[in-house]
Amino acid sequence: FVQALPPLVVTTSSYGSSIAGSVYSVVCTMKVVNGLVAVPKIVLMKDSRPPMNGVNATTWNSTMSGGNSTLNATFSPLRTSHGGQYTCIATISIPQISLNITNSSVANISVQIQRPNVTITSSLSGILYSGTQIRLFCIVLIPPEVDTLVEVKTLWIGPQGLITNGSRTNVTTVQTILVNSTTLHISPLNISDSGMYQCV
């Protein structure tokens, strides 16, 4: 007695750290009945776009074992552009008997960003005198795995608290994908400007 193929069972799972720069894998698994004459097909799509290629996933590995057909997409390193919704689509097609079965499963990758490296430099060193001027530079280095534009907000904190644009202070910011540079210009300096300055 011949029975119809059971519905496809497709699952997705993920392994590894979701921090940018880490190794992360999305695994699609489809259960397959023994003796199937057709080769099961599994594709992985991102945000409803066509099947991905090596530009997006650095390693692909397809296996067939123990009644399961598996597609493993490994991102090494994981980048912010890898974030999004992934759909695993499994298909069994046997044209001779007009059989075509499809099912899918969804996984989401939310990429986390580590705390960036921040450095502060000054246009002057040594003794400072009232009536002169100074520029403090805050450089935020963004890891190369952050390959999408992210907004970096920096604030200058001085002896009197938050520093904004004023009669003697000017704050300017320039940002690219890899670097955020914020400059604090104080002119003219006053004795009350003495103290610790932080870029946060």
Q. How close do Tyr129 and Thr132 get, heavy atom to heavy atom, and via which atoms?
A. O-OG1, 2.6 Å

May I ask you to decide if [Y]'s main-chain N or O and [X]'s side chain share a donor-acceptor pair within less than 3.5 Å?
{"X": "Tyr24", "Y": "Ala20", "answer": "no"}
{"X": "Thr29", "Y": "Thr11", "answer": "no"}
{"X": "Thr176", "Y": "Val179", "answer": "yes"}
{"X": "Ser25", "Y": "Tyr15", "answer": "no"}
{"X": "Ser123", "Y": "Arg135", "answer": "yes"}
{"X": "Gln175", "Y": "Val150", "answer": "yes"}
{"X": "Arg168", "Y": "Ile186", "answer": "no"}
{"X": "Gln133", "Y": "Gly131", "answer": "no"}

How about [X] and [Y]: do any of their side-chain heavy atoms sit closer than 4.5 Å?
{"X": "Leu162", "Y": "Trp156", "result": "no"}
{"X": "Tyr197", "Y": "Pro159", "result": "yes"}
{"X": "Val152", "Y": "Ile142", "result": "yes"}
{"X": "Asn117", "Y": "Val140", "result": "no"}
{"X": "Asn180", "Y": "Thr154", "result": "yes"}

Q | CD1 (Ile191) with more than 12 external heavy atoms under 6.0 Å | A | no

Q | Residue list, side-chain hydrogen bond (donor to acceptor under 3.5 Å, both in side chains) with Thr80, at least two apart or on another chain | A | Asp147, Thr148

